[in-house]
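Below is one structure, written out as structure tokens; the observations come after it.
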Amino acid sequence: MPKRDFLAIPDFSADDLSHLLDVAARMKDGSDTGKPLAGRTLGMIFTKSSTRTRVSFEVGAYQLGGHALFLSSRDIQLGRGEPIADTAKVLSRYLDIIMIRTFAHAEVEELAATASIPVINGLTDLLHPCQILADLLTMREHIGGWEGKTVVWIGDGNNMANSWINAAGTLGFELRLACPEGYEPDRDVFDRNKDRTSISITEDLEEAVAGAHVVTTDVWASMGQEAEAEARQVAFQGYLVDDALMAKADPDAIFLHCLPAHRGEEVTGSVIDGPQSRVWDEAENRLHVQKALMAELLET
Ligand code: CP
Ligand code: NVA
């Protein structure tokens, strides 16, 4: 059986995703206590900061009976220029599964192509698929799933926006993106998915949010875009999820945010800390979906 990676949502079919969320739900409610990582080791390569991804993967590996190694690029030879392919071949001799968070998506693809063990994308400049798994589980828990539902993305056409597009294309829900001109999502990701479901891009936030079931956003400047932060402060003025905007959505709409958040920039404190926010369940769900993901990838 060839090894399986998870670099992007479309690596899994709609049925695979439903099954993965079923497993995650059983792990969450305590009815699945399997230890598929017993005697096995997860390596976690980070060239960017992280709170949730690092802790949820490390705790998840432990709960599945395995061990996790935190490999900061500051400390391993990768950070001093050792080729990705050499790193992948060597790590494959020690580890059973790798999670990587880095800048260029192509590096993760190269790692996966040269490693003989499963590779998980823990965020690149292009995509953040593990976060979307958690968001889908949160949708299932709080609004009964995605069928017939509309998700609205407010703000930067970044790695989260691109992954929402992949999810909409794979699962068939409606996605509306409100992004300022010049900050639209990745063109290739958009083109690959645009005919698979209803995906629209607008600059009109209120039009986008009308009747939506999920309202979600992210920071104006992602990791690696620190030098653009000032220009982005200008470009994203008004791209704020506040109570008035939430009032235009479905009355039972939920608010999601991958975190970390900047209160007062992309979202008000009243929304992220308010009754429609599900951000803490969303963060917790990283643990459950990633445990299910590791179990699935190690099964093959
Ligand atoms: N949402 C998310 O990936 O958070 P971290 O950057 O803290 O891992
Ligand atoms: N778009 C953000 C997500 C952080 C989890 C970033 O890439 O920094």
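All ligand and atom numbering here is 1-based and tracks the order in the structure.
- Residue E181 qualifies as open at atom CD: its count of foreign heavy atoms under 6.0 Å is 12 or below.
- Within a 6.0 Å radius of NZ in K194, other residues, nucleotides and ligands contribute more than 12 heavy atoms.
- Counting only heavy atoms of the protein, atom 2 (C) of ligand 1 lies nearest to R286 NH1, 3.4 Å.
- Within the listing of ligand 1, atoms 1 (N), 2 (C) sit less than 4.0 angstrom from a heavy atom of Q131.
- Neither the backbone nor the side chain of D125 comes within 4.0 Å of ligand 2, counting heavy atoms alone.
- Closest to atom 7 (O) of ligand 1, if we only count protein heavy atoms, is T51 N, 2.7 Å.
- Looking at every heavy atom in both residues, A68 comes nearest to A61 through CB-CB, 3.9 Å.
- For atom 8 (O) of ligand 2, the closest heavy atom belonging to the protein is M223 N, 2.8 Å.
- Of the N or O atoms in L123, none lie within a sub-3.5 Å distance of an N or O in ligand 1.
- Annotation: R54 places no N or O atom under 3.5 Å from an N or O atom of ligand 1; distance criterion only.
- In this structure, the protein non-hydrogen atom closest to atom 3 (C) of ligand 2 is D218 OD2, 3.6 Å.
- For atom 6 (O) of ligand 1, the nearest non-hydrogen atom from the set E282, R101, H128, H257 comes from R101.
- Judged by distance alone, the side chains of D96 and T41 never bring a donor and an acceptor atom under 3.5 Å apart.
- Contact atoms of ligand 1 toward L259: 1 (N), 2 (C), 4 (O) (distance under 4.0 Å to a heavy atom of the residue).
- Of all protein heavy atoms, the one lying nearest to atom 5 (C) of ligand 2 is L259 O, 3.6 Å.
- With 3.5 Å as the limit, one finds a donor-acceptor pair spanning the side chains of E141 and N285.
- With respect to atom 4 (O) of ligand 1, the closest heavy atom belonging to the protein is R52 NE, 2.8 Å.
- In this structure, the side chain of K35 engages the main chain of Q63 through a donor-acceptor pair within 3.5 Å.
- Shortest contact from atom 4 (C) of ligand 2 to any protein heavy atom: L123 CD1, 3.9 Å.
- For ligand 1, the atoms sitting less than 4.0 Å from at least one non-hydrogen atom of C258 are 1 (N), numbered in the order shown with element in parentheses.
- Note that the CH2 atom of W153 and the OH atom of Y239 stand 13.5 Å from one another [nearest 0.5 Å].
- At a 3.5 angstrom cut-off on N or O pairs, M223 does not count as close to ligand 1.
- Only the side chain of N159 comes within 4.0 Å of ligand 2, counting heavy atoms alone; its backbone N, CA, C and O stay farther away.
- A cation-pi geometry, defined here as NZ or CZ lying under 6.0 Å from the six-membered ring centre and within 45° of its normal, holds between R54 and F70.
- Put simply, CG on D281 and CD1 on I254 are 9.0 Å apart, with the number rounded to the nearest 0.5 Å.
- At distances below 3.5 Å, at least one donor-acceptor pair connects side-chain atoms of R101 with backbone N or O atoms of S49.
- More than 12 heavy-atom neighbours from other residues, nucleotides or ligands sit within 6.0 angstrom of CD on E82.
- Considering both main-chain and side-chain atoms, S222 comes within under 3.5 Å of ligand 2 through a nitrogen or oxygen pair.
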